[in-house]
Peer 1: 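Just passing along the structure, written as structure tokens.
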Number of protein chains: 2
Amino acid sequence: MDDHVSGKGLKRAELARRTGCNLETIRYYEKITMMPEPPRTAAGYRVYDERHVARLRFILRGRELGFSIDDLRGLLGLVDGGRQTCAGIKAMTERHLADIRAKIADLQRIEAVLDSTAAQCSGEQVPECPVLEALAAR
Amino acid sequence: MDDHVSGKGLKRAELARRTGCNLETIRYYEKITMMPEPPRTAAGYRVYDERHVARLRFILRGRELGFSIDDLRGLLGLVDGGRQTCAGIKAMTERHLADIRAKIADLQRIEAVLDSTAAQCSGEQVPECPVLEALAAR
DNA sequence: CTTGAGTCTGTAGTGACTGCAGACCCTATT
DNA sequence: AATAGGGTCTGCAGTCACTACAGACTCAAG
């Protein structure tokens, strides 16, 4: 073991497990500079610590909330720079919130169409299916 | 002009305009066999007719409603084959509806998080921004 | 000392497009 | 008839955010 101090020095798989991130995605985030290059063991194995865990969780959570990689780069830039203009973050969040709401509205419209057309389906083998007609209609 | 009969024989740009589809996407749909290869003029220009318009609208509408290309391939296969088992289509639609509903639920959860955290933003330049903390939290 | 699991690298594939370069072609104007 | 401009053709590269793989290496356990 390169480290035997309790809890310190995670390998890639361990970081993946602790964050729920896909193994390869960690390497990908490093490549696109979303994650810093971690120190390595003599053999070249990546060694992560708690700050890496926190940062990766931040990224994953942001992605879960629908922020793009670029949005998160902005957010992380603020964190890294230390000068967090809360107003800026708020504005960004609110833009994003508007996006989310638009998406919800879209999906609800789709839901209504699908729901009403599926309800009309007899299940029989008929030449015209209401779902197909709903798709064809304009 | 290759055709001068009213309304017949659309060129690619015209099909794009009439359906709202991107010009290149038409060619893409042809390549992945979602759209049939249309007849060509002597010079090699694609010539579309009303059936192409209808089919492309069907595809675009389906995509708008969140069906994948593969879903639509299935749907179109039924249409093309003539043997439309309405029950099958209904089942597919209902699976898809469940997906849509799950997506709506997800987005609403995200909306709630973003909304409440953005609301806490003072707009001042503080060391800790609630949005950032919401992201970091787990 | 071997075996099996984990890690390393670079690269290719995914889905659903979108964009571009360079060669043709067609129409209208000079 | 020559030319200028648009539209169209082709193949291929790029996008986004990953995900998967092949082949070489390293490490700990039996």
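Per chain, numbering begins at 1; letters A, B, ... match sequence-line order. Any value given below was found using the heavy atoms of this structure, including those in side chains, with hydrogens, waters and symmetry copies removed.
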Peer 1: Let me see the working for B/Lys11 and B/Glu14 under salt bridge (Lys or Arg N to Asp or Glu O under 4.0 Å), right down to the final yes or no.
Peer 2: CA-CA 5 Å; B/Lys11 273 182 282 178; B/Glu14 223 162 341; over 6 Å; no
Peer 1: Without decimals, in angstroms, what is the distance between B/Glu30 CD and C/dC17 P?
Peer 2: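 So the two atoms are 15 Å apart, to the nearest Å.
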Peer 1: Rounded to the nearest angstrom, tell me the gap between atom CG in B/Leu56 and atom P in C/dC17.
Peer 2: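 Rounded to whole Å, this separation is 11 Å.
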Peer 1: Do B/Arg63 side-chain and C/dG15 base share a donor-acceptor contact under 3.5 Å?
Peer 2: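 By the distance-only test, no, there is no pair.
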Peer 1: Let me see the working for A/Glu50 and A/Arg18 under salt bridge (Lys or Arg N to Asp or Glu O under 4.0 Å), right down to the final yes or no.
Peer 2: CA-CA 10 Å; A/Glu50 289 306 320; A/Arg18 299 244 315 231; 2.7 Å; yes
Peer 1: If you assign each of A/Glu14 and B/Ser68 to its closest nucleotide in DNA chain C, which residue comes earlier from the 5' end?
Peer 2: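 This one resolves to A/Glu14.
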Peer 1: Could you walk me through whether B/Asp115 and A/Arg101 pass the salt bridge (Lys or Arg N to Asp or Glu O under 4.0 Å) test, one step at a time?
Peer 2: CA-CA 11 Å; B/Asp115 197 30; A/Arg101 287 186 173 136; 3.5 Å; yes
Peer 1: Give every pair of a protein N or O atom and an N or O atom of nucleotides 3-7 of chain D that lie under 3.5 Å apart, one pair per line with the distance.
Peer 2:
unit_1, atom_1, unit_2, atom_2, d
D/dG7, N2, B/Tyr45, OH, 2.6

Peer 1: Report the nucleotide, chosen from C/dC25, C/dC17, D/dA17, that has the shortest atom-to-atom distance to any side-chain atom of B/Ala43.
Peer 2: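 Closest of the options to the side chain of B/Ala43: C/dC25.
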Peer 1: Given atom NZ of A/Lys31 and atom P of D/dC18, what is their separation to the nearest angstrom?
Peer 2: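 After rounding, the gap between these two atoms is 13 Å.
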Peer 1: Which heavy atom in B/Leu56 sits nearest to a heavy atom in B/Cys21, and how many Å separate them?
Peer 2: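 Minimum heavy-atom contact is CD2-CB, 4.0 Å.
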Peer 1: Separation of B/Arg12 atom CZ from C/dC25 atom C1', in whole Å?
Peer 2: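 Atom-to-atom, B/Arg12 to C/dC25, this comes out as 14 Å.
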Peer 1: To the nearest Å, how far apart are A/Arg40 CZ and D/dT26 P?
Peer 2: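 Checked: the CZ to P distance equals 13 Å.
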Peer 1: Salt bridge (Lys or Arg N to Asp or Glu O under 4.0 Å) between B/Arg46 and B/Glu30: does it pass, once the steps are laid out?
Peer 2: CA-CA 11 Å; B/Arg46 289 169 179 83; B/Glu30 184 181 321; 2.8 Å; yes
Peer 1: For B/Thr25 and C/dT18, is the shortest distance between a side-chain N/O and OP1 or OP2 below 4.0 Å?
Peer 2: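 It does, given that an N or O in the side chain of B/Thr25 lies less than 4.0 Å from OP1 or OP2 of C/dT18.
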Peer 1: Please give me the minimum heavy-atom distance between B/Ile69 and B/Ile32, naming the atom from each residue.
Peer 2: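 Reported closest heavy-atom pair: CG2-CD1, 4.0 Å.
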Peer 1: In whole angstrom, give the distance that lies between atom OH of B/Tyr28 and atom P of D/dA13.
Peer 2: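 It works out to 17 Å between those atoms.
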Peer 1: To the nearest angstrom, how far is A/Asp70 atom CG from D/dA17 atom P?
Peer 2: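 Atom CG in A/Asp70 sits about 7 Å away from atom P in D/dA17.
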Peer 1: Does A/Arg46 place a side-chain N or O at less than 4.0 Å from the phosphate oxygens OP1/OP2 of C/dT9?
Peer 2: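 The answer is yes; a side-chain N or O of A/Arg46 sits under 4.0 Å from OP1 or OP2.
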Peer 1: Reading DNA chain D from 5' onward, which residue's closest nucleotide shows up sooner: B/Gly44 or A/Asn22?
Peer 2: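 Nearer the 5' end of the strand: B/Gly44.
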Peer 1: Please check if any side-chain donor atom of A/Arg73 sits under 3.5 Å from a side-chain acceptor atom of A/Ser68, or the reverse.
Peer 2: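 No, A/Ser68 and A/Arg73 have no side-chain donor paired with an acceptor closer than 3.5 Å.
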Peer 1: What is the nucleic acid contact for B/Arg27, judged by heavy atoms within less than 4.0 Å: base, sugar-phosphate only, or nothing?
Peer 2: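 If one applies the 4.0 Å heavy-atom cut-off, B/Arg27 turns out to touch a base.
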Peer 1: How many Å lie between CD on B/Glu24 and P on C/dA21, as a whole number?
Peer 2: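 Taking CD of B/Glu24 and P of C/dA21, I get 13 Å after rounding.
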